[in-house]
Protein chains: 4
Amino acid sequence: MGVTMDGTKQQRRGNTRQRIQDVALELFAEQGYEKTSLREIAERLDVTKAALYYHFRTKEEIVVSLFEDLTQPLQDLIVWGREQPRTLETKQEIVRRYSAALAGASPLFRFMQENQATVRELRIGESFKDWMRDLRHIITDPEASLTDQVRCISALFTLHAGMFVMQDLEGDPEERRKAVLEVSIDLVTQAHRGTHGG
Amino acid sequence: MGVTMDGTKQQRRGNTRQRIQDVALELFAEQGYEKTSLREIAERLDVTKAALYYHFRTKEEIVVSLFEDLTQPLQDLIVWGREQPRTLETKQEIVRRYSAALAGASPLFRFMQENQATVRELRIGESFKDWMRDLRHIITDPEASLTDQVRCISALFTLHAGMFVMQDLEGDPEERRKAVLEVSIDLVTQAHRGTHGG
Amino acid sequence: MGVTMDGTKQQRRGNTRQRIQDVALELFAEQGYEKTSLREIAERLDVTKAALYYHFRTKEEIVVSLFEDLTQPLQDLIVWGREQPRTLETKQEIVRRYSAALAGASPLFRFMQENQATVRELRIGESFKDWMRDLRHIITDPEASLTDQVRCISALFTLHAGMFVMQDLEGDPEERRKAVLEVSIDLVTQAHRGTHGG
Amino acid sequence: MGVTMDGTKQQRRGNTRQRIQDVALELFAEQGYEKTSLREIAERLDVTKAALYYHFRTKEEIVVSLFEDLTQPLQDLIVWGREQPRTLETKQEIVRRYSAALAGASPLFRFMQENQATVRELRIGESFKDWMRDLRHIITDPEASLTDQVRCISALFTLHAGMFVMQDLEGDPEERRKAVLEVSIDLVTQAHRGTHGG
DNA sequence: AATGAATGAGACTTCATTCAT
DNA sequence: AATGAATGAAGTCTCATTCAT
């Protein structure tokens, strides 16, 4: 393979797996999981559908692999978060890191946000849920009032909304990100203060 | 028609259209739009697929009809909101009413939230977007800082999150709803005070 | 029925059967038999499909009825032709009358010409064939050479072609019809002379 | 793949595409386009419907491919015809070649003749029309009288009729073909003489 | 590392037709 | 004279997946 000499088809050294992931993620995020067929992915890459099956055993496995590859920072964040004392500073830092992690894998998160019904049926569905729960736990005090618990969840959701829904807000992306982060940190802070006095 | 005498198949008076909508919404919300086939809907109702086509011209039209039928309170809310002065009280009332409207059509909103990728391709996609924008506008002051704008959007999203994601929080639903509403109103209030001093 | 007062739906006294035939013929000729659904016919007439079944037992029967109603002049022509002596004048007169008959039911003939494959499977298929054979027989001398027989058939086909295919020829329709007729008569005349000397 | 050892299913080397075309053409010509379902074609070939879709993207494309593959001689004829001087000999030769071309792809032409209504809606519809026009142009003198133009068209249509309609004429096919050709050439010759004197 | 050919399941949709009212 | 509601059959097409090469 390679055809060389005119640029077409060449340079496909060993990165096909990677290229499949890239294209798949792009299409999944853009059109949704079910609307994206393997034929479409294959055509974009100029390979056959069968080639996809050399690299992944099923369509679902492509999603799983994306999830596993792009989600590491989040896993790390949770591990890290669990080891920290539940101080205000920790919580704020978690929000900050979460924001960064989201930004680093934004197409994946967009995909998961916009295809929740689908994701729920996929193998990653449970992981995802667990994982949102864990995040909630390390940011929420068990003895917090219901209202303060909602504040924490809201803080996380504000970050999510910030990534996708607020895109049509004016202002440049970086400023927007800062504003979103500010609101989110505010919520966590209020929750903390509500619970621990101050 | 009616078979009578054993209860099966009877009572097909004039409510089939409605029954289709009910079952469809239930399944769409539960499994997603694409995973729900017309065969499945028909089977649940014990009619043939063709019967669905007597009442709706396409699968998409079923969704559209649901949207149109269940969305009226929201439309009304927007109309009402536009006519009010942009006082703090108005905004708070809008949040309250929005919360109630969401609760009144929660399966539809669950569906739309969990199938965003799909909805975007459907005819209702644009309406939905417009409609979120309008809502944002009547709750946000144009001269508010970016941060305060984010607060308002966050208030709306908190309500959304409250409906679906927070379901696995402890506490009884009614208490949860109150807590969510409180946080949401808080956010709007902060945004208002931030902008108008006080 | 009648709605009156605004023109819609009114005046459907007893002519529905006729109106169905008219619309059906128009659509059959324009789009073909299979591509024309009863739904389409019904919609154009602003009645339900079931109404069509009040007037005709099947889709095929609509075609049959058109055939029977519009084809009478041709039947008459054949009867008449069979009783005449096989002189040149008779043959020429048959061509002339055939031309007129075609012109009088041109949408039906267009339909039959353009949907031969379909017509063959319909009940009228055989009639049609018989009927072209009869026409051929009364215009062709049994003792004519093969070439002269071909001339006669060609004469008939020239008339057919004249109706549909030659429509994109320049010249006004009436002139065209005359030219076509001339060629057709010419062919018949040559055939006759070839067979009977002169 | 191949099952071998009992003859069934074997030999599926690389000829499936061709076999689809063969069977499709046969069925289209025999029963018409719409009455021939892909299921039927697939069953005859003992493959699944999906296999057809591996080779052709739509049902229509099967027809298009047949058209493109079998129509080449006609295209060539038109090209050739355009380069020749418009002498009587040329015209006669065109008729002769057209007759041969028709005979070489007679099932396709039968199909097109008997399914005109359908063909008109297909992608090949326009090509076909253009193509009959071109043929007419190279055989017709622009300054010919309307009658002589009709003669030329009639010459072409006589050939068409000769292939299908005249099949139930007595005589062996070869003789019939000669007779048809003679009449056709005659018509062209008369038209030429009519226009150029002599 | 990838292709060519095919499958089986199932999707949405349309059609002619029926029948109680 | 016609409607409203429904059916059963069939149609075209797409998809994820398989497997010999």
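Within every chain, numbering begins at 1; the chains are lettered A, B, ... in the order of the sequence lines, protein sequences first and strands thereafter.
- Between C:H55 and F:dA2 there is a side-chain N or O to OP1 or OP2 distance below 4.0 Å.
- Residue C:T16 places no side-chain N or O under 4.0 Å from the OP1 or OP2 atom of F:dA1.
- Listed nucleotides E:dG4, E:dT13, E:dT7 differ in distance to A:T48; the shortest reach to its side chain belongs to E:dG4.
- In the set F:dA2, E:dA16, F:dA16, the nucleotide with an atom closest to the side chain of A:S37 is F:dA16.
- Applying the 4.0 Å criterion to OP1 and OP2 of F:dT14, one finds that A:R39 has every side-chain N and O outside that range.
- Closest to the side chain of D:V47, from the set E:dT3, E:dT7, E:dT17, is E:dT7.
- Checked against E:dA16, E:dA5, E:dC12, the side chain of B:K59 finds its nearest nucleotide in E:dC12.
- Relative to the side chain of A:A50, the nucleotides F:dC19, E:dA6, E:dT13 differ in distance, and F:dC19 lies closest.
- In this structure, the side chains of C:L38 and C:I62 come closer than 4.5 Å at one or more pairs of heavy atoms.
- For the pair B:K59 and B:F28, the cation-pi test (distance below 6.0 Å, angle within 45°) is failed.
- The backbone N or O of D:K35 lies less than 3.5 Å from no partner atom in the side chain of C:E34, so there is not a single donor-acceptor pair.
- Of the listed nucleotides (E:dA6, F:dA16, E:dA16), E:dA6 has the atom at the smallest distance from the side chain of D:A51.
- Not one side-chain nitrogen or oxygen of D:Y54 sits closer than 4.0 Å to the OP1 or OP2 atom of E:dA6.
- In this structure E:dG10 sits in a base pair with F:dC13, meeting the Watson-Crick or G-U test at under 3.5 Å.
- Out of F:dT14, E:dA6, E:dT18, the shortest distance to the side chain of C:Y53 is found at E:dT18.
- Salt bridge status for C:R44 with C:E40: absent, with no side-chain N to carboxylate O gap under 4.0 Å.
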